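Note that the structure is a prediction, hence the values are computed from the model and not measured. Atoms considered below: every heavy atom in the structure, side chains included; atoms not considered: hydrogens, waters and symmetry mates. Throughout, numbering of the chain's residues begins at 1 and tracks the sequence.
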Amino acid sequence: MSDGIEVEQIVESKPRRMPLATSLDKDSIREAYEDVRSDLTDTEWAVFKFDGPQIVVHARGQCFEEFRQQFGDSERAFGYIRIQMGDEMSKRKKFIFLTWIGQEVGVIQRAKMSTDKALIKDVLNNFAVELQAGVETELDIGLFREALNRAGGANYGTGIRDI
C-alpha cells in the first residue's frame with residue numbers, strides 16, 4: 001500500500017473435493033438379505049459393493065467358492081452368508097456378516113468403512129458372527145465355521161460327523 005497503490009489480493013476459490021455421503025439401495029439390499037435368510041430358496045450368500053457413493057447388491061449365489069471370488073484387492077464390500085451348522089442330531093442355519101477391505105484400498109476409503117458398515121447393518125441386522133477380511137486366505141469356509149462354533153456355545157452330538 002505504499003505510494004498510494006492498492007495491492008489487490010487474489011484468492012483462488014476452488015471447491016474442495018469432499019467425499020459424497022454413502023447411501024443404500026435399501027429395497028434391493030433387503031430383498032437379497034431376505035433371499036439368503038429364506039429356507040425356501042437355494043441362495044446362500046449375497047455380496048454388496050459400492051457403485052459410486054451407493055451400496056448396491058453386486059451378486060448372489062449358492063457356492064462358497066463363488067462367494068470367495070467376489071472380493072478384490074482394490075475393493076470395499078460387504079458379504080452376507082448362510083452356513084449350515086450342527087451335527088447329526090441337529091442342523092441349523094447360521095449367518096455371517098463380512099466386511100471386506102482389500103489390501104489396495106486407500107486410507108480415506110478404509111476410514112469410511114466404519115460409517116458405511118453402520119448403514120448396511122441397519123438392513124442386514126440378523127447374524128451370529130461379524131468378520132472382517134482383507135486377503136483371500138481369510139475367506140475360508142473352515143475359518144467361518146470355527147467362528148460360528150465359538151459364537152454358538154455348546155456343541156452336542158455323538159461324535160459322528162455328517163458334513
Side-chain angles (χ1 to χ4, degrees), residues 21-105 109-163:
T22 302
S23 64
L24 299 178
D25 181 356
K26 274 191 180 178
D27 291 338
S28 67
I29 290 171
R30 184 169 286 112
E31 178 190 324
Y33 167 72
E34 290 170 2
D35 188 23
V36 173
R37 293 196 57 78
S38 175
D39 290 333
L40 303 176
T41 71
D42 292 332
T43 305
E44 292 181 356
W45 56 263
V47 172
F48 311 93
K49 290 188 179 180
F50 292 81
D51 182 7
Q54 186 175 45
I55 300 172
V56 299
V57 177
H58 173 74
R60 300 185 220 191
Q62 299 170 2
C63 168
F64 187 80
E65 192 54 39
E66 287 177 25
F67 177 77
R68 290 184 77 215
Q69 294 169 7
Q70 302 303 312
F71 304 96
D73 286 341
S74 61
E75 294 181 305
R76 301 179 305 143
F78 301 99
Y80 189 71
I81 185 165
R82 172 177 64 191
I83 298 176
Q84 183 166 303
M85 297 294 291
D87 51 42
E88 71 284 355
M89 296 180 73
S90 73
K91 304 267 186 224
R92 53 204 177 278
K93 308 280 189 211
K94 296 289 185 175
F95 300 89
I96 291 179
F97 173 72
L98 175 74
T99 300
W100 173 266
I101 304 173
Q103 295 298 295
E104 297 172 14
V105 173
Q109 295 301 320
R110 283 177 181 275
K112 279 189 82 241
M113 281 301 275
S114 62
T115 54
D116 295 344
K117 178 169 51 171
L119 287 174
I120 197 162
K121 283 172 71 174
D122 281 343
V123 179
L124 312 179
N125 55 20
N126 195 332
F127 48 88
V129 172
E130 178 177 337
L131 299 175
Q132 182 167 326
V135 293
E136 190 176 332
T137 56
E138 295 172 322
L139 300 174
D140 179 273
I141 189 68
L143 295 174
F144 283 27
R145 287 184 185 281
E146 284 176 28
L148 287 168
N149 276 331
R150 283 192 307 273
N155 293 305
Y156 301 103
T158 62
I160 301 169
R161 294 176 55 111
D162 179 23
I163 295 178

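- Of the inter-residue distances, the one linking Leu131 atom CG with Leu139 atom CG reads 9.5 Å to the nearest 0.5 angstrom.
- Looking only at side-chain heavy atoms (C-beta outward), Phe71 and Leu98 come within less than 4.5 Å of each other.
- Rounding to the nearest 0.5 angstrom, the gap separating the CD atom in Gln109 from the CG atom in Asp116 is 8.0 Å.
- Among residues two or more places apart in sequence or in another chain, the salt bridge (Lys or Arg N to Asp or Glu O under 4.0 Å) test is passed with Glu138 by none.
- The closest donor-acceptor contact from the side chain of Arg68 to the backbone of Thr137 lies at 3.5 Å or more, if one exists at all.
- Taken from CG in Asn125 to CZ in Arg30, the straight-line distance is 8.5 Å, to the nearest 0.5 Å.
- Considering only residues two or more places apart in sequence or on other chains, Phe50 meets the ring pair (Phe, Tyr, Trp, His ring centres under 6.0 Å) condition with none of them.
- Annotation for Glu66: atom CD counts as buried by contact number, over 12 foreign heavy atoms lying within 6.0 Å.
- With sequence neighbours excluded, no residue satisfies salt bridge (Lys or Arg N to Asp or Glu O under 4.0 Å) with Lys93.
- With sequence neighbours left out, Phe78 forms a ring pair (Phe, Tyr, Trp, His ring centres under 6.0 Å) with Phe97.
- Every residue was checked against the salt bridge (Lys or Arg N to Asp or Glu O under 4.0 Å) condition with Glu44, not counting sequence neighbours, and none meets it.
- Side-chain contact between Asp25 and Gln54 is present, with heavy atoms from C-beta onward closer than 4.5 Å.
- Aromatic rings of Tyr80 and Tyr33 (six-membered ring for Trp) have centroids within the 6.0 Å cut-off, being under it.
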Show me, pair by pair, the donor-acceptor contacts under 3.5 angstrom made by side chains of residues 57-64, not counting sequence neighbours?
residue : atom : partner : partner atom : Å
His58   : NE2  : Gln70   : OE1          : 3.4
Arg60   : NH1  : Asp35   : OD2          : 2.9
Arg60   : NH2  : Glu31   : OE2          : 3.2

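- At a threshold of 4.5 Å between non-hydrogen side-chain atoms, the residues Ile83 and Ile96 count as touching.
- Arg82 places a side-chain N or O within 3.5 Å of a backbone atom of Thr43 that can act as its donor or acceptor partner.
- Side-chain contact check for Gln132 versus Met113: every heavy-atom pair is 4.5 Å or farther apart.
- Look at Arg37 and Glu34 and you find no salt bridge, because none of the NZ, NE, NH1 or NH2 atoms lies under 4.0 Å from a carboxylate O.
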